[in-house]
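First the structure, in the form of structure tokens, and then the observations on it.
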Amino acid sequence: MMKIKSVLLVALMLVSVHVVAKNDKESQASDREVWTELCYKIAQPILENMSKGELQKNMNLELSPTWDGRDKRVAYMEAFGRLMAGISPWLALPDDESKEGRMRKQLRDWAISSYKNAVNPDSPDCLLWEGPTQILVDAAYIAESFMRAPEATWNRLDPITKQRYIDRFIGLRVIRPAYNNWLLFRAMTEAFLLSIGEKADMYALTVAVNKINEWYLSDGWYSDGPEFALDYYNSYVIHPMYVEVLEVCEANKFSTPVSVSLGVKRMQRFNTFIERLISPEGTYPAFGRSVVYRMGAFQSMALAAWKYGLPEDLKNGQIRSALTAVMKNMFSVEGNFDNENFLKLGFVGHQPNLANYYTNNGSLYMTSLVYLPLGLPANHPFWSDPAEDWTSRKAWKGERFPINGHISLRR
């Protein structure tokens, strides 16, 4: 009898351990859940307020300690444009009744109202479309959001709102862009106009596509203007916008010195470097200007995962795992958000001393650009493939990892 009781007790304990282990596993959020929850947290304060015309009233602005005195209203276009350039592909997925589906639909509804308010002169949230040259930058991100997911953005706008955007983009031609990555901001608004059948400034497009190519150094890196700067602007701006502008030019049979295919190959070469910067622990080096743009440093890799596929040596499971690890490390630190969940100045937490003279907390929504892979459905291999170690983790565990050598890609 005692033997039977002992057997039953052991069996009960094994079942209990199995149930607890199963429940623990089920309670752990998937990578996609981690991404969607954080993306919603970042987007909600901007879009909910702006959809009601209350962003400029309610957003808690934080300016760099070395702010240069420009009109602080640039912050609202920075927050909205950069946010939408990152999340518009996610909003293009079909509706469903899942938790994610409900969040996505809510954000899309808010976004459409926000797009309308952004150019409605009668709205308290009509953005600053004249004045500081900074507005060219973030108008380009708005144009980029239209180009990345027109079915969720541009195609849902009424004719009056569309014409207002066309007029505003044309009005930006009075701004002379800086002689660096800013050429792409002018090119992006012109490329968008070209993509919807409007008359574009082909000279501005010619200058941009030619100069960026002339500034290509080799091995996947562009110089940001005549002089090289070691920072993350190849990912924040140069690779993504250059490839997207080239695509519009090619689709409209406008000759460029670089094909889309070569532009993508250069970006993929750069992505092999940016992936290796992620440490075994899931962190990355804080160097260069605009480091407070946080995970925008990985936009080029996120864009590749969403639209072009990853380089041969990078697997879906490893990129997803690496970015999720960085995301968790970065946003688990106190100080990234204020009490209303608006982003605060810093790289990891609240570090206002890291903000450049042109930076406000609207600028920080560049971090949203990492969320492009949310535009892939949940059953896509990027999300469904098993988790894998990324390159530096393999390297420091003494495991096999791909050798890396110089690749020119000049032509």
Side-chain angles (χ1 to χ4, degrees), residues 137 140 144 177-188 207-247 249 256-279 283-314 318-319 322-323 326 347 356 366-367 369-370 372 390-392 395 401-411:
V137 176
E144 189 175 43
Y179 200 57
N180 53 23
N181 70 86
W182 276 47
L183 295 179
L184 285 168
F185 300 135
R186 176 66 189 281
M188 180 59 69
V207 170
V209 297
N210 286 352
K211 290 309 299 183
I212 298 300
N213 182 52
E214 289 173 19
W215 290 333
Y216 181 68
L217 299 175
S218 188
D219 232 355
W221 288 84
Y222 291 96
S223 175
D224 189 5
E227 189 169 324
F228 178 68
L230 186 57
D231 52 34
Y232 292 104
Y233 272 80
N234 267 262
S235 194
Y236 294 149
V237 182
I238 299 173
H239 277 294
M241 284 199 175
Y242 195 37
V243 167
E244 289 169 311
V245 167
L246 289 172
E247 283 184 322
C249 290
T256 61
V258 176
S259 66
V260 174
S261 175
L262 181 55
V264 170
K265 286 178 181 177
R266 290 175 178 178
M267 180 173 70
Q268 299 289 34
R269 176 60 181 152
F270 174 79
N271 286 337
T272 64
F273 281 107
I274 207 78
E275 187 267 347
R276 289 178 184 233
L277 288 180
I278 301 175
S279 74
T283 61
Y284 69 99
F287 63 74
R289 67 189 180 99
S290 303
V291 73
V292 293
Y293 293 171
R294 294 184 169 101
M295 296 202 70
F298 300 102
Q299 180 190 195
S300 62
M301 196 156 64
L303 177 63
W306 167 56
K307 191 172 183 181
Y308 305 103
L310 293 167
E312 185 177 347
D313 289 338
L314 302 183
Q318 80 181 86
I319 298 305
L323 292 178
V326 175
F347 174 65
N356 296 86
M366 191 79 82
T367 196
L369 299 172
V370 78
L372 292 170
W390 47 98
T391 302
S392 63
F401 66 96
I403 192 171
N404 194 285
H406 172 73
I407 302 175
S408 174
L409 297 175
R410 283 192 174 275
R411 55 181 61 86

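Note: hydrogens, waters and symmetry copies are ignored here, and every other heavy atom, side chains too, is used.
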Looking at every heavy atom in both [X] and [Y], which two are closest together, and how far apart are they?
X    : Y    : value
Q268 : A304 : OE1-CB, 3.4 Å
P257 : N213 : CB-ND2, 3.8 Å
I238 : N181 : CG1-CB, 3.9 Å
V258 : L262 : CG1-CB, 3.9 Å
P402 : R276 : O-NH2, 2.7 Å
S290 : N356 : N-OD1, 3.1 Å

Problem - Residue that, paired with F270, satisfies ring pair (Phe, Tyr, Trp, His ring centres under 6.0 Å) out of W221, Y222, F298 - result: W221
Which value, rounded to the nearest 0.5 Å, describes the distance between [X] atom [atom1] and [Y] atom [atom2]?
X    : Y    : atom1 : atom2 : value
I319 : L314 : CD1   : CG    : 4.5 Å
I274 : M301 : CD1   : CE    : 7.0 Å
I278 : L323 : CD1   : CG    : 5.0 Å

In chain order, what residues pass the salt bridge (Lys or Arg N to Asp or Glu O under 4.0 Å) check against [X], with sequence neighbours excluded?
X    : answer
K265 : none
R186 : E190, D201
E275 : none
R269 : D219

Examine distances only and state if a side-chain atom of [X] and a backbone atom of [Y] form a donor-acceptor pair shorter than 3.5 Å.
X    : Y    : value
H239 : G220 : yes
S408 : S218 : no
S300 : S235 : no

Handout entry: side chain to side chain contact (heavy atoms under 4.5 Å, CB included) evaluation trace for Y232 with Y293
Key = CA-CA 9 Å; Y232 292 104; Y293 293 171; over 6 Å; no
Practice task
Give the intermediate values and the outcome of side chain to side chain contact (heavy atoms under 4.5 Å, CB included) for residues Q318 and L310.
Solution key: CA-CA 11 Å; Q318 80 181 86; L310 293 167; over 6 Å; no
Problem - Beyond-backbone contact of V326 with W390, side-chain heavy atoms, under 4.5 angstrom - result: no
Practice task
Compare all side-chain heavy atoms of Q299 with those of V237 and state whether any distance is below 4.5 angstrom.
Solution key: no
Exercise for the section: May I ask you to check whether N180 and D224 show a side-chain donor-acceptor distance below 3.5 Å? Expected result: no
Exercise for the section: Assess the side chains of R266 and N234: does a donor N or O sit below 3.5 Å from an acceptor N or O? Expected result: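 There is no such pair (donor and acceptor under 3.5 Å, judged by atom type) between the side chains of R266 and N234.
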Practice task
Verify the ring-centre separation between Y242 and Y216: is it less than 6.0 angstrom?
Solution key: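 Y216 vs Y242: aromatic centres not under 6.0 Å.
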Problem - Criterion side chain to side chain contact (heavy atoms under 4.5 Å, CB included) on M241 and I212, from CA distance to verdict - result: CA-CA 11 Å; M241 284 199 175; I212 298 300; over 6 Å; no
Fill in the blank from the handout: By side-chain hydrogen bond (donor to acceptor under 3.5 Å, both in side chains), T283 pairs with (sequence neighbours left out) S279
Problem - salt bridge (Lys or Arg N to Asp or Glu O under 4.0 Å) partners of residues 291-308, not counting sequence neighbours, each pair once - result: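 Every pair satisfying salt bridge (Lys or Arg N to Asp or Glu O under 4.0 Å) with a residue in residues 291-308: E247-K307.
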Exercise for the section: Begin with the C-alpha distance, continue with both residues' side-chain angles, and end with the deciding distance and a verdict on ring-ring contact (aromatic ring centres under 6.0 Å, His included) for F347 and F287. Expected result: CA-CA 10 Å; F347 174 65; F287 63 74; 9.9 Å; no
Handout entry: R289 to Y233 six-membered ring, cation-pi geometry met (6.0 Å, 45°)
Key =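 Pair R289/Y233 counts as cation-pi.
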